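Excluded from the calculations below are hydrogen atoms, water molecules and symmetry mates; all remaining heavy atoms, backbone and side chain alike, are included. Because the structure is predicted, anything quoted here is derived from the model rather than measured. Throughout, a chain's letter reflects where its sequence line sits, starting with A, and its residues are numbered from 1.
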There are 2 protein chains.
Amino acid sequence: MNRKYEEYRSLMQKISDVSYANALLSWDQEVSMPPKGAAARARQSATLSGITHDLFTGEKTGTLLEELSGDKTLSFSEARNVAETYKSYKKAKKYSTDFVITLSKTISESFEAWNRAKKENNFSIFAPLLEKIIKLKREEAGILGYTEHPYDALLDQFEPEAKTKDVERIFEDVKKELVPFVKEIATHPQPEQGIMFMHYPRQKQWDLGIELLKQMGYDFEAGRQDISTHPFTTNFGALDVRVTTRINEHDLGEMLWSCIHEGGHALYEQGLNNGDYGLPSSESISLGIHESQSRLWENNVGRSLPYWKANFPRLQQIFPENLGKASAEDFYKAMNTVKPSLIRTSADELTYHFHILIRFELEKALIEGSLEVKDLTSAWNKKYKEYLGVDVPSDSKGVLQDIHWSHGLIGYFPTYSLGSFYAAQFYSKASADIPGLEDQISKGQLKPLLGWLRENIHQHGKLYSSEEISKRITGEKLNFKYFLRYAKNKYAALYNLKAETEKTS
Amino acid sequence: MNRKYEEYRSLMQKISDVSYANALLSWDQEVSMPPKGAAARARQSATLSGITHDLFTGEKTGTLLEELSGDKTLSFSEARNVAETYKSYKKAKKYSTDFVITLSKTISESFEAWNRAKKENNFSIFAPLLEKIIKLKREEAGILGYTEHPYDALLDQFEPEAKTKDVERIFEDVKKELVPFVKEIATHPQPEQGIMFMHYPRQKQWDLGIELLKQMGYDFEAGRQDISTHPFTTNFGALDVRVTTRINEHDLGEMLWSCIHEGGHALYEQGLNNGDYGLPSSESISLGIHESQSRLWENNVGRSLPYWKANFPRLQQIFPENLGKASAEDFYKAMNTVKPSLIRTSADELTYHFHILIRFELEKALIEGSLEVKDLTSAWNKKYKEYLGVDVPSDSKGVLQDIHWSHGLIGYFPTYSLGSFYAAQFYSKASADIPGLEDQISKGQLKPLLGWLRENIHQHGKLYSSEEISKRITGEKLNFKYFLRYAKNKYAALYNLKAETEKTS
């Protein structure tokens with residue numbers, strides 16, 4: 001037993017105790033809290049954040065990490081944990097208390113302003129606050145440091161080690177390949193979608209969602225599902241991982257994609273190494289890898305024909321009036337229509353990435369100073385016309401639609417696309433590794449896939465970076481071609497674009 | 001603005017933030033947590049307790065309190081807050097870390113042993129741990145200090161300033177007056193109880209409970225109700241006060257008394273001074289006074305004829321099959337049968353106090369050393385025969401029935417009886433102060449009573465002690481005669497014991 005390492009572990013566990021408690025405060029706020037509890041909850045959460053920060057940046061932490069990072073007797077995983085924590089520690093130490101307070105206050109005001117601006121459909125209410133946010137985020141990039149592009153420093157907070165130029169390269173492919181492909185799709189007739197929008201009673205949807213989660217392998221002894229306005233996954237260790245969903249009685253897809261998507265996030269958390277509670281090796285790698293798990297289940301599995309071959313008969317049992325006369329194929333087609341639209345969160349799995357591309361280009365321009373907030377709306381609307389071919393009718397449905405910027409989240413959006421692209425790359429390898437994967441899925445046997453994800457990704461926590469895990473699994477770093485191939489194969493078949501179909505490897 | 005006082009307030013608020021967060025961890029554990037989350041939750045809760053303790057017993061707290069307690073410029077409530085906090089601080093400082101850890105470990109083991117002992121109906125599994133608990137509690141009495149009886153020090157933790165000899169005096173009256181009264185009742189025929197035990201569907205009971213809470217004035221914007229095995233009330237400030245209930249489809253009383261009882265606790269918390277968040281003036285006085293609020297609503301209101309004159313017609317609407325042919329009087333009689341029984345938590349409102357009396361006598365004897373744990377079971381069984389006239393068939397239904405001792409709670413039980421007796425005393429004064437109180441209640445108008453409680457009790461928090469608040473309101477300290485008069489009037493009428501009826505003042 002290395003006593004210093006045990007001291008380090010015990011300190012990390014204590015810090016996690018407090019931050020998981022804080023995560024419960026947030027979960028409760030979204031799921032259970034009565035409205036008048038908000039003010040005290042904000043205090044309580046801020047106090048716990050302060051305690052976590054003080055513990056993490058305290059002298060004791062620094063001394064321990066310095067000593068341990070020179071210790072040659074540590075095992076691979078021990079050394080990796082120490083290195084990961086030391087990196088985070090050094091980052092956290094760069095911030096002055098003044099900066100943290102200013103940013104936190106600006107975010108509070110900004111969130112209020114965004115809320116009001118969206119309600120009143122008036123970007124000018126939010127603009128001055130967004131200007132402040134951008135200014136502070138440029139300052140933050142300077143504080144954190146970067147060599148090539150200030151956006152690198154911001155991106156790194158959500159997708160460690162990812163560089164702006166890599167994301168640019170990937171989005172060049174999106175523009176070159178995916179944009180014309182979607183234009184091609186648009187010239188073909190749309191499948192019948194009505195089946196998704198019939199009346200699906202709430203309780204039956206709820207029960208179905210629970211069934212689907214169980215089938216995926218989500219452990220309800222180590223989690224639970226609730227209802228919230230915006231579905232999310234949270235956890236307080238790997239043995240208490242909670243998901244939320246939403247139900248729209250006139251759009252079955254809202255519940256389906258919420259449950260399967262959040263289920264994918266939750267399976268990742270439930271698969272982390274609980275024995276390393278508090279250490280990086282028990283934590284997810286990055287937002288991009290997290291999203292790869294949710295998207296893999298949502299898109300590669302949940303929007304596939306084999307999945308519905310397994311599950312559609314059950315849906316027919318539950319909703320005989322709506323689905324009695326339809327086939328799994330009808331259902332599969334209805335849920336996979338591609339159509340450019342205004343709102344990111346309800347976009348299909350192809351045009352979704354155009355929404356991210358637009359946000360990435362705008363964020364980068366704002367941070368490097370080539371775009372000013374006053375010109376943001378017109379830039380936004382122009383890009384929506386260019387990439388999606390749609391006219392933006394209002395600020396609320398345009399530049400104000402997402403909460404992220406008001407929360408100071410700049411550099412976050414790209415991880416959504418990176419996640420989908422990683423998902424395709426991992427899924428392609430899983431298909432090669434697992435004999436008869438599609439066949440298993442079409443029988444509702446999802447455990448082999450989960451086992452593969454557990455073994456290759458979940459169990460390692462942060463012991464490998466995104467790029468390392470990608471190379472370990474697929475032999476190469478993130479490559480857009482897997483997603484493109486998945487998209488072309490699937491949608492060429494769905495829209496009868498025979499010439500476009502590529503061979504799967 | 002007194003800067004030192006503001007520093008003190010801010011420190012107390014910070015401590016409350018952490019302890020309210022900890023209270024949320026507990027609430028969640030009872031209401032929402034999946035089973036596998038227990039181990040991490042125990043860690044998280046212990047860490048927050050440690051942080052609270054460190055903050056509270058820190059040097060900064062001591063210095064501030066010492067300075068402020070000599071400050072003559074403080075207002076009455078400021079000085080009172082400082083004095084209350086200083087008292088708690090001095091108590092907390094008396095404990096050595098060793099003692100706290102030993103007690104906490106013993107309680108954990110003890111709780112496990114009690115659980116197993118109860119399941120296996122075998123006191124000897126629990127006995128060695130209970131011996132340890134008693135030894136530690138004697139030690140704790142020594143640590144805290146006392147002048148007359150070691151039990152004083154333990155009682156004081158739950159009912160500050162109450163003395164063993166006062167409780168003894170009150171229970172002498174219970175023995176002298178209530179025991180023979182219950183014997184007299186036993187010679188008379190029992191009312192028909194069957195109406196309480198018909199089939200009452202779960203959802204309808206739930207909806208009814210919510211209605212009754214709203215009628216009492218419970219604010220659902222500042223609270224919520226959930227289901228738990230053991231009903232309880234908790235809060236995270238005065239604007240988030242949560243209750244739980246339980247529902248037995250074959251015993252309507254379980255839900256009714258849970259809802260009204262916990263509702264009474266919750267109204268107290270919702271009526272505390274939220275502006276003083278973190279300070280003693282925003283906290284309840286004692287367990288006894290807390291229980292006075294729950295018992296007042298449960299017994300003096302909820303088990304009264306006027307209350308059911310107001311609410312029985314609604315019950316008939318909801319449960320026409322069960323209640324269509326009954327009257328409010330039938331229902332009132334059925335819920336107010338007095339009959340000695342084995343289990344405290346399901347006892348009627350008179351024999352309940354014999355259960356407490358027994359526990360008080362045994363606890364006192366254990367602490368002063370006149371009874372040993374090895375003789376506890378026979379002492380228990382003998383007292384049940386003596387005071388309640390019942391034979392105890394098993395340890396599980398006898399000495400093992402309650403969780404309290406396994407949790408190290410010695411000195412806690414008496415507060416249940418004190419609460420009922422305070423309730424009768426306060427209610428008697430409320431009846432005198434509020435014109436036509438019974439008439440209002442029989443119309444379902446409960447707001448005037450709540451207003452009286454808010455004004456006389458809730459708003460003051462800990463600014464007055466139990467005895468002071470009792471004197472302020474009723475002109476005297478706790479006096480058993482009010483409860484006795486309430487009991488005799490009510491039950492003499494119910495059981496046709498005409499000679500026993502006393503005049504109300």
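Within a 6.0 Å radius of NZ in A:K93, other residues, nucleotides and ligands contribute more than 12 heavy atoms. Within 6.0 Å of NZ in A:K214 there are 12 or fewer heavy atoms belonging to other residues, nucleotides or ligands. Heavy-atom neighbours of B:K204 NZ from other residues, nucleotides or ligands within 6.0 Å: above the threshold of 12. The neighbour count for A:E59 CD, taken as heavy atoms of other residues, nucleotides or ligands under 6.0 Å away, does not exceed 12. When the shell of 6.0 Å around NE2 of A:H199 is examined, it contains more than 12 heavy atoms from other residues, nucleotides or ligands.
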Give the intermediate values and the outcome of salt bridge (Lys or Arg N to Asp or Glu O under 4.0 Å) for residues A:D240 and B:R41.
CA-CA 9 Å; A:D240 190 350; B:R41 181 57 48 88; 3.7 Å; yes

Check step by step if side chain to side chain contact (heavy atoms under 4.5 Å, CB included) holds for B:R242 and A:M33.
CA-CA 9 Å; B:R242 304 185 186 183; A:M33 193 186 74; 3.9 Å; yes

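Proximity to chain B (any heavy atom under 4.5 Å) is shown, for A:S45, by neither the backbone nor the side chain. For A:L24, the parts lying under 4.5 angstrom from a heavy atom of chain B are both the backbone and the side chain. Using a 4.5 Å cut-off between heavy atoms, B:L48 touches chain A through its side chain atoms alone. With a 4.5 Å cut-off on non-hydrogen atoms, A:F236 touches chain B through its backbone and its side chain both.
In terms of non-hydrogen atom pairs under 4.5 Å with chain B, the most contact-rich of A:V31, A:D219, A:T47, A:V18 is A:T47. Of the listed residues B:A222, B:G237, B:A21, the one with more heavy-atom pairs under 4.5 angstrom with chain A than any other is B:A222. By number of non-hydrogen pairs under 4.5 angstrom with chain B, the leading residue of A:G223, A:G50, A:S32, A:A40 is A:S32.
Under the 4.0 Å criterion applied to side-chain N and carboxylate O atoms, B:D28 and A:R224 are not assigned as salt-bridge partners.
Taken from CG in A:D54 to CD1 in B:I51, the straight-line distance is 10.0 Å, to the nearest 0.5 Å. Separation of atoms CD (A:Q44) and OH (B:Y277) is listed at 3.5 Å; rounding is to 0.5 Å.
In this structure the side chain of B:P35 reaches within 4.5 angstrom of the side chain of A:E221, judged on heavy atoms.
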